[in-house]
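As structure tokens, the structure follows; a few thoughts come after it.
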Protein chains: 2
Amino acid sequence: MQTGKTVESGRSVKPTRKRRKMQSVTMMDVAARAQVSPSTVSLYLRKPDAVSVSASESIAKAIQALSYVPNLMAGGLAAASSRAVSIIVPSVRNAFFAETVATMQAELGKQRLQVLLGHTEYSEREEENLVRMALSWAPAAIVLTGLSHSNATRKLLQESRVPVVEIWELGSEPIEMAVGFHHEQVGRSAAAHLVQRHRRNLVFLGARLQEDRRAAHRAEGFIEEARKVAGVTAEIIQHPAPSSAEVGAMLLGETMRKFPQVDGIACSNDHVALGVIFECQRLGIEIPGRLSVVGFGDLSFSAASNPSLSTIRPSGDLIGTEAARLILERIAHGGERTPTIIDTRFTLLHRQSS
Amino acid sequence: MQTGKTVESGRSVKPTRKRRKMQSVTMMDVAARAQVSPSTVSLYLRKPDAVSVSASESIAKAIQALSYVPNLMAGGLAAASSRAVSIIVPSVRNAFFAETVATMQAELGKQRLQVLLGHTEYSEREEENLVRMALSWAPAAIVLTGLSHSNATRKLLQESRVPVVEIWELGSEPIEMAVGFHHEQVGRSAAAHLVQRHRRNLVFLGARLQEDRRAAHRAEGFIEEARKVAGVTAEIIQHPAPSSAEVGAMLLGETMRKFPQVDGIACSNDHVALGVIFECQRLGIEIPGRLSVVGFGDLSFSAASNPSLSTIRPSGDLIGTEAARLILERIAHGGERTPTIIDTRFTLLHRQSS
DNA sequence: TGCCGCAATAATAGCGCTACGATCAATTTT
DNA sequence: AAAATTGATCGTAGCGCTATTATTGCGGCA
């Protein structure tokens with residue numbers, strides 16, 4: 001029995017140079033078993049309609065029998081583009097982004113696209129790293145959070161041909177496509193609502209506004225809208241820590257000290273608002289009698305709180321489905337940059353706290 | 001001006017057969033500019049210490065100048081393993097898993113490993129799909145949630161040589177490595193704590209116990225431990241919807257109707273407990289005077305609630321760091337299956353609600 | 001009758017990189 | 001002084017697949 005190494009001839013003994021690792025079952029194996037060429041198997045996998053019924057059947061059978069798992073890296077290398085979509089968010093710890101990421105994963109998964117996840121932790125530098133890493137995968141698309149990025153990030157993206165979707169924010173010029181809403185309008189709505197509820201001394205409670213530019217925009221919109229109304233005062237009280245109920249409670253205390261006449265509060269988000277509600281309970285401040293409270297996010301607890309929390313719902317899932325849809329269309333039409341902006345809006349939910 | 005197609009010779013005009021797509025700058029370009037061979041560039045990128053200082057410098061310079069982005073698919077194909085780690089969780093909408101995923105991404109990212117994310121939505125069938133998709137990327141490791149999987153999933157994983165880490169649960173035999181804790185012990189701790197607080201009529205409020213087997217284990221441990229004590233009663237009240245404050249409020253109502261003598265409650269998690277707290281406020285039930293409440297999760301609001309919530313903290317971030325550490329070590333030692341079990345434990349936080 | 005068009009399939013040349021040896025100089029050991 | 005060891009670098013054959021072109025078989029039409 002020969003090992004088959006040097007069957008060639010007696011002359012020059014080939015030194016049996018290289019060997020390589022491999023994956024157990026390849027497309028070639030499937031082709032052999034199905035009695036067709038590898039090309040046909042590949043075609044069957046990518047465009048099943050272009051293959052005859054009989055061939056399809058035997059290929060399907062072979063795949064089943066061998067339990068063949070395609071190698072996406074080989075495919076991606078050959079096609080110069082992978083079945084991965086890179087989604088870069090500040091953090092999935094944040095329920096907003098978790099919602100969008102989960103929705104997108106579900107939508108993209110239907111088309112057998114995989115999600116590559118990255119967290120910037122609100123750092124543009126980190127975002128740039130993540131974009132660079134993402135690009136090494138030749139992803140089918142890249143999803144970024146927000147519209148402000150470092151110049152290098154923007155350049156990297158522009159020079160690549162990868163579809164780009166920016167989510168959770170509208171306002172300035174997107175790189176290519178954008179799905180989100182205007183945060184400063186959220187602030188305006190909150191202010192308008194409180195004014196309409198006859199509140200005159202308003203305060204916005206902000207957490208980590210330095211990093212969370214979108215929250216900062218909400219704050220700005222809030223102040224601007226409030227101050228348009230005669231007789232209304234509006235201030236921002238903030239804390240550098242990430243938003244949480246604890247920070248909310250703290251900020252309420254500070255507010256009562258600095259602006260005891262306050263009668264309307266809007267919060268960075270519902271976590272902060274929840275802290276406000278608890279602290280008011282402890283301090284004996286009646287909501288909404290003495291103080292109206294509006295949150296942002298409509299988190300899972302907001303409807304069940306006591307009192308139930310008036311809030312602004314941004315629909316992170318809609319952002320996810322729309323972003324996924326754009327990506328899928330863009331891939332199907334596989335074309336050039338296609339500037340698109342989708343405004344997913346938001347809804348003010350008027351509940352007991354205002 | 002020639003197009004450069006047939007410069008070769010006049011004899012046989014090469015038919016200019018194939019063309020192919022490409023990436024602008026390749027490792028060859030870097031090598032050429034740095035005056036070294038492609039192998040050296042590759043080596044520099046993978047094991048910088050094995051390359052001389054002078055070579056390193058010129059390569060670094062070339063990479064910089066050309067703003068070279070390596071093609072990870074080509075690399076992965078050649079190496080038969082990619083720089084991606086597949087993490088499969090029920091859903092990142094769940095704060096527990098979001099925490100772990102975020103932590104792992106941060107830890108793995110330091111070693112330039114990317115996270116491929118998948119959501120099972122508590123379906124073993126879906127998990128199987130995700131594992132199959134994950135394997136087509138020849139990932140550096142696969143992370144699964146929990147210990148119960150379909151037989152096919154188990155088989156797929158066992159037959160591959162991919163490192164596997166199961167997180168968030170201990171108890172039965174893991175596929176390879178496991179990082180988590182015993183949920184049934186969590187239930188026991190909650191029961192023991194309530195008994196110690198002189199509670200005698202206990203109820204466990206559960207959400208979606210059918211799907212969330214880990215929560216079901218907590219419930220079982222709770223009941224078992226409670227009933228060991230003479231004179232103590234323990235029941236489970238549950239709802240098929242995912243856990244939320246709303247469900248918690250609803251379940252408390254049901255509990256008061258069915259077991260008006262209840263004086264101690266443990267919850268599926270802090271969301272449910274939060275709903276209980278709010279509903280008790282509405283019904284005028286005093287916590288902890290009339291009723292003690294214990295949650296699970298120590299979510300962001302739990303310390304700030306009114307009353308502050310006694311709860312059991314599972315440290316999802318520790319699970320993340322430990323899982324990441326195992327993966328990194330396993331990759332470094334690049335060896336065989338290495339059965340390892342890490343118990344990350346949990347902490348009971350005694351606060352005002354009990 | 002012969003040629004064209006079309007549908008289905010096959011042959012082939014890489015995609016960009018890594019790993020395996022081989023090479024070559026500079027030491028160190030005998 | 002010759003041999004053995006070491007450290008740094010190079011040459012090259014694939015990894016498994018896709019895209020492009022080439023080929024085949026078949027009915028329709030001039």
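In what follows, chains are A, B, ... by sequence order, proteins preceding strands, each numbered from 1. Hydrogens, waters and symmetry mates play no part in the numbers below; they use all other heavy atoms, side chains included.
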Exam field: side chain A/T145 to backbone A/I88, donor-acceptor pair closer than 3.5 Å: yes
A/Y44 OH to C/dA8 C1', in whole Å, measures 16 Å
Length of the CE-P vector between A/M73 and D/dT18, whole Å: 13 Å
With respect to the phosphate group of D/dG11, does any side-chain polar atom (N or O) of B/S37 fall under 4.0 Å of OP1 or OP2? no
Let me know the distance between CG of A/L77 and C1' of D/dG16, rounded to the nearest Å. 9 Å
Taking B/T40 for its side chain and B/V36 for its backbone only, find out whether a donor-acceptor pair lies under 3.5 Å. no
Charged N to carboxylate O below 4.0 Å: is that the case for B/E107 and B/R325? no
Picking from D/dT18, D/dC17, C/dG16, the nucleotide nearest the side-chain atoms of A/A79 would be D/dT18
B/M27 has an atom CE; how far is it from atom P of C/dA19, in whole Å? 10 Å
Give a yes/no on whether any side-chain N or O of A/R46 is located under 4.0 angstrom from OP1 or OP2 of D/dA19. yes
Between C/dC17, C/dA10, D/dC17, which nucleotide gets closest to the side-chain atoms of A/T40? C/dA10
Can a donor-acceptor pair be found, under 3.5 Å and without considering hydrogens, that links the side chain of B/S42 to the backbone of B/P38? no
Dot-bracket for DNA chain C, please, read 5' to 3', with Watson-Crick or G-U wobble pairs under 3.5 Å on both distances, ( ) within the strand, [ ] crossing, | other strand, . unpaired. ||||||||||||||||||||||||||||||
Looking at C/dC17, I'd like to know if its phosphate oxygens (OP1 or OP2) sit under 4.0 Å from a side-chain N or O belonging to B/S42. no
Does A/E126 offer a backbone N or O that forms a donor-acceptor pair with the side chain of A/T120 under 3.5 Å? no
Rounded distance (Å) that lies between atom C1' of C/dC17 and atom CG of B/L72: 10 Å
Salt-bridge criterion met for A/E57 and A/K61 (N-O under 4.0 Å): no
Short of 4.0 Å, heavy atom to strand atom, which residues of residues 49-61 of chain A count as contacting DNA chain C? A/V51, A/S52, A/A55
With DNA chain D as reference, determine whether B/L43 or A/M28 sits nearer its 5' end, using the nearest nucleotide of each. B/L43
Quickly work out the A/N71 CG to C/dC15 P distance and round it to whole Å. 18 Å
Test your reading of the model: is there a side-chain donor-acceptor pair from B/R83 to the backbone of B/Q111, 3.5 Å cut-off? yes
Could you list the donor-acceptor pairs under 3.5 angstrom formed by side chains in residues 64-77 of chain B, with sequence neighbours left out?
{"unit_1": "B/N71", "atom_1": "OD1", "unit_2": "B/M73", "atom_2": "N", "d": "2.8"}
{"unit_1": "B/N71", "atom_1": "OD1", "unit_2": "B/A74", "atom_2": "N", "d": "3.1"}
{"unit_1": "B/N71", "atom_1": "ND2", "unit_2": "B/Q23", "atom_2": "OE1", "d": "3.0"}

Contact check, side chains of A/E176 and A/R330, non-hydrogen atoms, under 4.5 Å: yes
Under 3.5 Å, is there any donor-acceptor pair linking the side chain of B/S39 to the base of D/dG11? yes
Atom pair distance, as rounded to whole Å: CG in B/D29 and C1' in C/dC15: 14 Å
Tell me whether B/S82 contacts the main-chain N or O of B/W137 through its side chain, where contact means a donor paired with an acceptor under 3.5 Å. yes
Using a 4.0 Å heavy-atom cut-off across all strands, classify B/P38 as base, sugar-phosphate, or nothing. nothing
Closest to the B/T26 side chain: D/dG16, C/dC17, D/dC10? C/dC17
Rounded distance in Å - CG (B/L135) to C1' (D/dG16): 16 Å
